[in-house]
2 protein chains.
Amino acid sequence: MTTTKTAQGASALPLNTILEGDCIEAMNSLPSGSVDLIFADPPYNLQLKGDLHRPDNSKVDAVDDHWDQFSSFKAYDDFTHAWLKAARRLLKPDGALWVIGSYHNVFRMGTELQNQGFWILNDVVWRKSNPMPNFRGKRFTNAHETLIWCSKSEGAKYTFNYEALKSLNEGIQMRSDWVIPICNGGERLKDEHGDKAHPTQKPEALLHRILVGTTNPGDVVLDPFFGTGTTGAVAKMLGRDFIGIEREEAYRKVALKRLSKIRKFDKAALEVSTSKRAEPRVPFGQLVERGMLRPGEELYSVNGRHKAKVRADGTLIGSDSHGDVKGSIHQVGAHCEGAPSCNGWTYWCIKKDGKRVPIDLFRQQIRAEMRN
Amino acid sequence: MTTTKTAQGASALPLNTILEGDCIEAMNSLPSGSVDLIFADPPYNLQLKGDLHRPDNSKVDAVDDHWDQFSSFKAYDDFTHAWLKAARRLLKPDGALWVIGSYHNVFRMGTELQNQGFWILNDVVWRKSNPMPNFRGKRFTNAHETLIWCSKSEGAKYTFNYEALKSLNEGIQMRSDWVIPICNGGERLKDEHGDKAHPTQKPEALLHRILVGTTNPGDVVLDPFFGTGTTGAVAKMLGRDFIGIEREEAYRKVALKRLSKIRKFDKAALEVSTSKRAEPRVPFGQLVERGMLRPGEELYSVNGRHKAKVRADGTLIGSDSHGDVKGSIHQVGAHCEGAPSCNGWTYWCIKKDGKRVPIDLFRQQIRAEMRN
DNA sequence: TGCTGAGATGAATCTTGAA
DNA sequence: TTTCAAGATTCATCTCAGC
């Protein structure tokens, strides 16, 4: 799985591997201007005090790990300054950087980004459909986290796959607020005791949207706080190269196991669009982001006469006697039937236990979540 | 409409008026520790360059006012430091402050707030249901703004009307992301030419939620960047006193006209749901004294697993495999569950028609009597 | 196999008053 | 200033046992 690339004829990049040790030292060992995108999920510096119990007296398993402890804002600022400076050196001139944080740390990261000359393109809100409630009733439910997306400098030619994101959002341009569930269920990695392997594992849907939207296949994606490797897993699925850096042995171990099981989606699925309601509208792309459907998976028409393949940006590719057809679920459905229009939601089905089930079922699930 | 209040026997407050001039000088003329809440919507330092046209070639009326121009981040930081320092002096020890901003300025404000010792309680996302689209297709639609809510210091007893906000949200606790339309239609104030009177007028719904949630009737609310007076208008409706500060003559004029038309809601409408904590404390012994429960009567745990007997002094005696336990309803409940604490009122039940009914019901009866 | 209900849990700067 | 005890407080989702 390990491959290398030469950057500007100089040092080789340790692609698709996890580097050990401190992220600043590890970054300093890599060649300048060699990375297309950096995604960073640094410690949040939560400053929690005492335990928190739920009304039913169960104890909340909070983030109290040693790596999240800083002695002061000054110490956190010094840390932020150092790793962002190291990250900045690695970025190609037209590269971009994403960070994620909460109100504990995100303002300090944003300020430092601007001070170092990064150019903020958007702040993006990850709105959690199922956050932990506020047990004490003393504040608002902390239902979101904030991401900052920035280019290396003002005027840089960053990557933005506008049409692919628009397709993911069923034809409407993507907004700065994203509704995505927190990572749990089968996607949440467990350790040998059945406990969560990492306290803050990010959902793959989040990284899917970031990588489809702001990188191209073959790009190099660096994650200096790799954790259990969500960035690497999604990068691998999407045909991007990754470099992870992680200090903790336990996390590296889990990440390696996880990555070994990931398969890259097939080539057709990775091609994304480049050209041009009473119930809440649900973009078909969300089904892909959330893993309800996988890129490359086959859909069957409700009458059993046609097939089509899911692509990573939420479009389909179908084939019939006239050749290939690409487009939205509605467009490909209409083409298959030779009809002027078609409701792709009720037309396309997955096979489950030998029976065809319309994909509209997934839309109903998402709508149920949105009502909450 | 103008009234005054004496703060600590010293200077009078210019309540329900709009002060002219620079906000820092105006704040410095007011007495320390006299304000319950500050809402601030300072210049965003947008750094826009050139004109923007819609796909139909119409020109976007952007924020290009002289008051939004700063020469550098340093200049903006100095300005932020100065007005926040002046604002901090005015706040009562248990007062709170809200600021609103976009990614251009909100990170710098958040950093400065933390540096000055303000304690962030939440960041809140105003999700616009109808934002302006991104016409160039080069970024995500800027569909939100960020608010920061903070107390003057860690541990301060800020106001939070939890139950009122929960009621506003149909019985579910209020989250940190608020969906509110931008201000347009009849609410959007126009000048004599029919153009918008202010480029960034905030919706009244936003201030309504903030003032209902984090102030009480009669509180003093200061807005150092008053603009066309949304804060004052909503404060007046809700029976709060306001102090506005605005530099621009044109905005003051529009605000005065607006305020003259506002009527305060009637008293009954202003009463909000109170938290259960504010209810008078009822000792369990009163239930025994009043004969609602008899000494020797058996109580059952809400999950049906434990029993305990009422004693004449308002304590319980329970028994399990380890022997007898005596103590308050809370202590015995906690012991039965092996929990650090337990709310005995909702844990212990009597049997009525074969069903378990929490003893909290009796407490509610007593409280109802006390209100009469 | 499918349905139902109980139980578990997620980046959280989470109380208050008296002694 | 610190300690102790009373008492107030949860939403969406997933898993698993039981039928």
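Naming convention: chains lettered A, B, ... in sequence-line order (proteins, then strands); numbering from 1 in each chain.
With a cut-off of 3.5 Å on both pairing distances, C:dC14 has no Watson-Crick or G-U wobble partner at all. Across all strands shown, the partner of C:dA8 is D:dT13, judged by Watson-Crick or G-U wobble contacts whose two distances both fall under 3.5 Å. Across all strands shown, D:dG7 remains unpaired; no Watson-Crick or G-U wobble contact has both distances below 3.5 Å. Pair assignment for C:dG2 gives D:dC19, based on Watson-Crick or G-U wobble hydrogen-bonding distances that are each under 3.5 Å.
Among the nucleotides D:dA6, D:dT13, C:dC14, the one closest to the side chain of B:S328 is D:dA6. You'll find that the side chain of A:K138 is closest to C:dC14, out of C:dT9, C:dA12, C:dC14. Side chain of B:K166, nearest nucleotide from C:dG10, C:dA11, D:dT10: D:dT10. The nucleotide whose nearest atom lies closest to any side-chain atom of B:E163 is, among C:dC14, D:dA12, D:dT9, D:dT9. Comparing C:dA12, D:dA8, D:dT13 by their nearest atom to the side chain of B:N343 picks out D:dA8.
Mapping B:Y158 and A:D68 onto DNA chain C by nearest heavy atom places A:D68 at the nucleotide closer to the 5' end. Along DNA chain D, the nucleotide closest to A:G186 and the one closest to A:P131 are compared, and the more 5′ of them pairs with A:P131. Toward the 5′ end of DNA chain D lies the nearest nucleotide of B:H330, the other residue of the pair A:G185 and B:H330 mapping further downstream. The nearest heavy atom of DNA chain C to A:Y44 and to B:E154 marks one nucleotide each, and the one closer to the 5' end goes with A:Y44.
When rounded to the nearest whole Å, the span between NE2 of A:H198 and P of C:dA11 equals 11 Å. A:D195 places its CG atom 13 Å from the P atom of C:dA8, with the value rounded to the nearest Å. Between the CG atom of A:L46 and the P atom of C:dG10 there is a distance of 14 Å, given to the nearest Å. Here the P atom of nucleotide D:dT13 and the CE atom of A:M292 are 10 Å apart, to the nearest Å. Rounded to a whole Å, the NZ atom of A:K128 is 18 Å from the P atom of C:dT9. Distance CZ (A:F135) to C1' (D:dG7): 17 Å, rounded to an integer number of Å. Residue A:Q201 contributes atom CD, which lies 9 Å from atom P of C:dA11 at whole-angstrom precision. With rounding to whole Å, A:I182 atom CD1 is found 8 Å from D:dA12 atom C1'.
Straight-line distance between the C1' atoms of D:dC16 and C:dT1: roughly 16 Å, to the nearest whole Å. D:dA8 and C:dA12 have their P atoms separated by 25 Å, with the value rounded to a whole Å. Comparing the same atom, C1', in C:dG10 and in C:dC14 gives a spacing of 16 Å after rounding to whole Å.
Between atom CG of residue A:L207 and atom CZ of residue A:F242 there is a gap of 12.0 Å, rounded to the nearest 0.5 Å. A distance of 11.5 Å separates CZ of B:R363 from CZ of B:F284, quoted to the nearest 0.5 Å. A distance of 4.5 Å separates CG of A:D68 from CG of A:L46, quoted to the nearest 0.5 Å. B:E145 contributes atom CD, which lies 11.5 Å from atom CD1 of B:I180 (distance to the nearest 0.5 angstrom).
Contact annotation for A:D51: base contact, defined as any heavy-atom pair under 4.0 Å involving a base atom. Among the atoms of the strands shown, only primed sugar atoms or phosphate atoms (P, OP1, OP2) are found under 4.0 Å from some heavy atom of A:N184. Backbone-only contact: B:R305 has heavy atoms under 4.0 Å from sugar-phosphate atoms and none from a base. Contacts of A:D41 with the nucleic acid, taken as non-hydrogen atoms under 4.0 Å apart, include base atoms. Among the protein residues, B:Q173 comes within range of the sugar-phosphate backbone only, with heavy atoms under 4.0 Å from sugar or phosphate atoms but none that close to a base. The residue B:I172 sits close only to the backbone: its heavy atoms come under 4.0 Å of sugar-phosphate atoms, none of a base. Contacts of A:P42 with the nucleic acid, taken as non-hydrogen atoms under 4.0 Å apart, include base atoms. A:G101 comes within 4.0 angstrom of no nucleic acid atom, judged by non-hydrogen atoms across all strands. Contacts of B:S341 with the nucleic acid, taken as non-hydrogen atoms under 4.0 Å apart, include base atoms. Within 4.0 Å of A:N142, counting heavy atoms only, lie sugar-phosphate atoms of the nucleic acid but no base atom. Among the atoms of the strands shown, base atoms are found under 4.0 Å from some heavy atom of A:T200.
At a cut-off of 3.5 angstrom, counting only N and O atoms as typed in the model, there is no donor on one side facing an acceptor on the other between the side-chain of A:R136 and the base of D:dG7. Applying the 3.5 Å distance criterion, the base of C:dA11 shares a donor-acceptor pair with the side chain of A:K202.
At least one test fails for A:R247 against the ring of A:W67: distance under 6.0 Å to the centre or angle within 45° of the axis.
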Verdict with reasoning, A:E246 to A:R252, per salt bridge (charged side-chain N to carboxylate O under 4.0 Å, His left out):
CA-CA 6 Å; A:E246 177 53 50; A:R252 286 199 305 273; over 6 Å; no

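Aromatic pair B:W149/B:W98: ring centres closer than 6.0 Å.
Checking the phosphate oxygens (OP1, OP2) of C:dC14, no side-chain nitrogen or oxygen of A:K49 falls inside 4.0 Å. Put simply, B:R363 has a side-chain N or O that comes within less than 4.0 Å of OP1 or OP2 on D:dA8. Of the side-chain N and O atoms in B:Y347, none sit less than 4.0 angstrom from OP1 or OP2 of D:dT9.
When all heavy atoms of B:V106 and B:G101 are compared, the closest pair comes out as CB-C, 4.1 Å.
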